[in-house]
Amino acid sequence: MSSSMKTSIVTPSLDLMDVIAALPCLTQWRNSKGRLMPLHIMASPGMGKTVLAEFAAKVMAKAHPGEPVGFSVQNLGIMAPTDVPGYTLFDTIMGPNGPEKVAVYTRPTLFHVNRAIMYAPNHEGADSQGFIESDRDDRGQKLFVGCTIWGKLLLRGLTLLDEFMQADADVRKTAAPLLDEGRVATHYLPRDWAIWAASNRARDASGTGRALAFLTNRVACFEVKLTMDLTEAYLNGESMLEPS
């Protein structure tokens with residue numbers, strides 16, 4: 001399915017369980033750039049947006065047994081624009097006319113990972129569902145995208161940009177390339193790394209900011225609207241799933 005598709009899928013009967021049932025498809029859907037399609041989950045507070053993203057990471061892990069899958073929640077609502085890209089450092093390289101100073105960025109904050117999940121039902125440490133989890137890499141350090149855990153590179157995962165619409169507009173602008181092309185400053189996520197955003201609805205009076213026109217018009221993002229029950233969805237005439 002093309003990322004430029006604008007056709008809405010109007011399904012008032014779709015509830016949270018329907019979205020969960022669609023996760024095997026949603027976690028494999030790719031945009032025109034070959035990256036996993038970003039999702040924007042919009043729902044009232046307490047609807048389980050973070051839990052849904054965590055469940056999606058486990059769906060990814062089960063689809064790729066024996067491979068580590070990262071899961072990260074980044075709260076954009078408490079970030080400043082300078083928190084997103086990492087710190088700028090200066091290095092000296094040898095250019096055609098002699099030494100030159102160049103700016104380089106440290107690893108972005110958004111590349112940190114809360115924990116890794118692997119589906120390995122035969123592992124002695126697996127839980128009742130067959131998953132093992134860890135928040136440390138093979139060296140005992142905190143996890144980040146691309147580190148080594150269980151002897152394998154962490155190149156697949158899901159990062160949730162929580163409180164996306166509650167974040168400052170400049171923070172959203174800085175994080176926008178992550179949704180659009182998997183990039184923060186000069187760093188790129190692996191193509192099998194999904195980026196999801198989560199926001200409260202504007203009518204919930206939760207400090208939701210105005211949508212940015214360039215995000216709406218240029219970033220191909222699948223919008224998932226969750227409601228408390230089917231009656232609410234029907235009365236408001238809302239699409240529960242629609243590409244933005």
Side-chain angles (χ1 to χ4, degrees), residues 16 19-20 23 26-27 35-58 60 70-86 107-115 117 135 142-145 157-185 187 189 193-228 232-233 236 238-244:
L16 181 60
V19 176
I20 290 175
L23 285 179
L26 294 177
T27 53
R35 304 195 61 87
L36 291 175
M37 179 67 77
L39 269 68
H40 187 186
I41 307 169
M42 302 185 71
S44 58
M47 272 290 291
K49 298 183 286 290
T50 303
V51 174
L52 180 62
E54 181 179 3
F55 190 80
K58 288 190 173 182
M60 294 172 70
F71 177 66
S72 177
V73 179
Q74 304 290 340
N75 190 335
L76 262 62
I78 60 174
M79 287 187 179
T82 53
D83 294 331
V84 177
R107 185 170 60 240
T109 302
L110 299 183
F111 276 41
H112 294 162
V113 178
N114 296 114
R115 66 183 184 275
I117 305 166
D135 61 358
K142 291 184 177 180
L143 298 172
F144 60 90
V145 176
L158 188 152
T159 294
L160 178 68
L161 305 180
D162 202 12
E163 298 191 2
F164 185 78
M165 291 300 293
Q166 291 91 277
D168 183 81
D170 287 336
V171 173
R172 284 182 279 150
K173 288 178 182 178
T174 308
L178 191 64
L179 280 168
D180 190 35
E181 53 189 305
R183 177 179 63 84
V184 177
H187 297 267
L189 284 171
W193 203 282
I195 296 293
W196 288 15
S199 303
N200 294 332
R201 302 172 305 179
R203 68 172 181 266
D204 292 318
S206 55
T208 301
R210 181 176 60 87
L212 302 176
F214 83 96
L215 277 176
T216 303
N217 297 332
R218 294 187 59 188
V219 178
C221 188
F222 200 67
E223 190 170 276
V224 180
K225 293 182 179 180
L226 302 180
T227 56
M228 292 299 292
E232 181 182 357
N236 287 285
E238 294 181 347
S239 294
M240 305 261 305
L241 282 174
E242 57 183 22
S244 60

Worksheet item: Could you give the distance from CG (Leu36) to CG (Leu26), rounded to the nearest 0.5 Å?
Response: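 With rounding to 0.5 Å, CG (Leu36) is 11.0 Å from CG (Leu26).
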Worksheet item: If you round to the nearest 0.5 Å, how far is CG of Asp135 from CG of Leu143?
Response: 6.5 Å
Please examine the side chains of [Y] and [X], heavy atoms only from C-beta on, and report whether any two atoms are closer than 4.5 Å.
X	Y	answer
Arg107	Val145	no
Asn114	Glu54	no
Asn200	Lys49	yes
Val84	Val184	yes

Discussion item. Are more than 12 heavy atoms, taken from residues, nucleotides or ligands other than Phe144, located less than 6.0 Å from that residue's CZ atom?
Written reply: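 It does: Phe144 CZ has more than 12 such atoms within range.
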Name the atoms and distances for all side-chain donor-acceptor pairs under 3.5 Å in residues 72-82, with sequence neighbours left out.
unit_1, atom_1, unit_2, atom_2, d
Ser72, OG, Gln74, NE2, 2.9
Ser72, OG, His112, O, 2.9
Gln74, NE2, His112, O, 3.2
Asn75, OD1, Gly77, N, 2.9

Closest contact, heavy atoms only, [X] versus [Y]:
X	Y	value
Leu23	Trp196	CD2-CH2, 3.7 Å
Trp193	Gly70	CH2-CA, 3.9 Å
Met60	Gly157	CE-O, 3.4 Å
Pro85	Thr174	CD-CG2, 4.1 Å

